[in-house]
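Keep in mind that this is a model prediction, so the values were computed, not measured. Heads up: numbering here begins at 1 and tracks the sequence. All ligand and atom numbering here is 1-based and tracks the order in the structure.
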Amino acid sequence: MIIVMKKGASEECIQKVVEAVKSEGYSPHVIRGVERTVVAAVGDERRKVEVMEKLKAFDGVDNVIPILKPYKLASREAKSTKTQIKINDDVVIGGEEIVVIAGPCSIESEELTIEIARKVKEAGAHILRGGAFKPRTSPYSFQGFGVDGLKILAKAGREAGMPVISEILDKHDLPFFIEYVDIIQVGARNMQNFALLKELSKINKPVLLKRGMCATIDEWLFAAEYILSGGNENVILCERGIRTFETSTRNTLDLNAIPVLRDRTHLPVIVDPSHGTGHWDYVIPMAKAAIAAGADGIMVEVHPEPEKALSDGPQSLKYDTFFQLMKEIKPVAEAVGRTLRTGG
Ligand code: PEP
Ligand code: MN
């Protein structure tokens, strides 16, 4: 339920509501808007009506309304304004500006990671990506460099002046991710790893939650709800394509998800056209389409020699194509009322 406080309700009134929500066995989440504050309370659905009636009587409470959507904190009902997630002093995801995340699929060496970082930064990328723990389909494929890979990524990010993102596979590695990365990625294969999501809910670091390859949008929002409900409000959704009968592309990039998510959630949405298509030459058109459809940013894989890449070479952009992408998405961003800082 949502407890809507009156305009200008005092902090004391808000705290009394928060305490009452807790004593009823619900978890309170205070959402402070420009006009007024609301307290979202989640817990046992069966006692909802009784608890709502009690809370209506509190000083400073304007109204108490049920959240109809099954996922609560992720819903637009809980928060009507878009969530903006500040990554560092320079980068905000979910604001007016389109954010570009770029880098190799896997961290392969320090030298190469730093080189890629400098290049994508020069082209205008805002965040550096790189996998250190790789969720490979085959156990015989390259599995990543683990913690050493995270250290390399962090160093490359520092050298190029960019925050970094990398994928976590195992909750036991969380301390390393807290130390070395700015955004923790949950991959498609782990979208419903609820034990992992619960651990991520206990920290404050932003989490980029990729859509499971066979997940509906609602299942994806429930996965986001796991992170939000434990207290981590910094969730970014990433559409990366779903499995369909189509075999011409690696996945089917579901751009429908963008307006559907806009309707259902306040969380920012990033689109990954690299995994979405699986072919480097389809990445630019789908990146443009994603931005035109309202995505808050894109994530793309970049490698100077894709034929030698240890993973996902066929979908990786060479430097010149990445520069071209940055050039071509700018007018698309501007046409839909967004901005994009490129190169230099
Ligand atoms: C990745 O980003 O390298 C990755 C493995 O993505 P996904 O989880 O979408 O397959
Ligand atoms: Mn990849």
Among residues two or more places apart or on two chains, list those pairs meeting ring-ring contact (aromatic ring centres under 6.0 Å, His included) that have a residue in residues 229-256. none
Would you check ligand 1 and list the protein residues that come within less than 4.0 Å of it by any heavy atom, ordered by chain and number? Cys105, Arg129, Lys134, Pro135, Glu167, Gln185, Gly187, Ala188, Arg189, Lys210, Arg240, His275, Glu301
State whether the side chain of Asn251 and the backbone N or O of His275 hold a donor-acceptor pair below 3.5 Å, judged by distance alone. yes
If you measure from the Lys or Arg side-chain nitrogens to the Asp or Glu carboxylate oxygens, is any gap between Glu96 and Arg338 under 4.0 Å? no
For the Mn ion (ligand 2), every protein N/O/S atom that sits closer than 2.8 Å, waters excluded: Cys105 SG, His275 NE2, Glu301 OE2, Asp312 OD2
Check this for me, if you would: do Asp59 and Lys16 make a salt bridge, where the nitrogen-to-carboxylate-oxygen distance has to be below 4.0 angstrom? no
In plain terms, say whether Lys69 and Asp218 are close enough for a salt bridge, that is, a side-chain N and a carboxylate O under 4.0 Å apart. no
Any ring-ring contact (aromatic ring centres under 6.0 Å, His included) involving residues 97-138? Give me the pairs, sequence neighbours left out, ordered by first then second residue. Phe133-Phe177
For Tyr319, which of Gln324, Lys119, Glu122, Glu115 qualifies under side-chain hydrogen bond (donor to acceptor under 3.5 Å, both in side chains)? Glu115
Counting distance only, does the side-chain N/O of Asp173 pair as donor-acceptor with the main-chain N or O of Phe176 below 3.5 Å? no
Does the plane of the ring in Phe145 sit parallel, tilted or perpendicular to the ring in Phe142? Use 30° and 60° as the thresholds. perpendicular
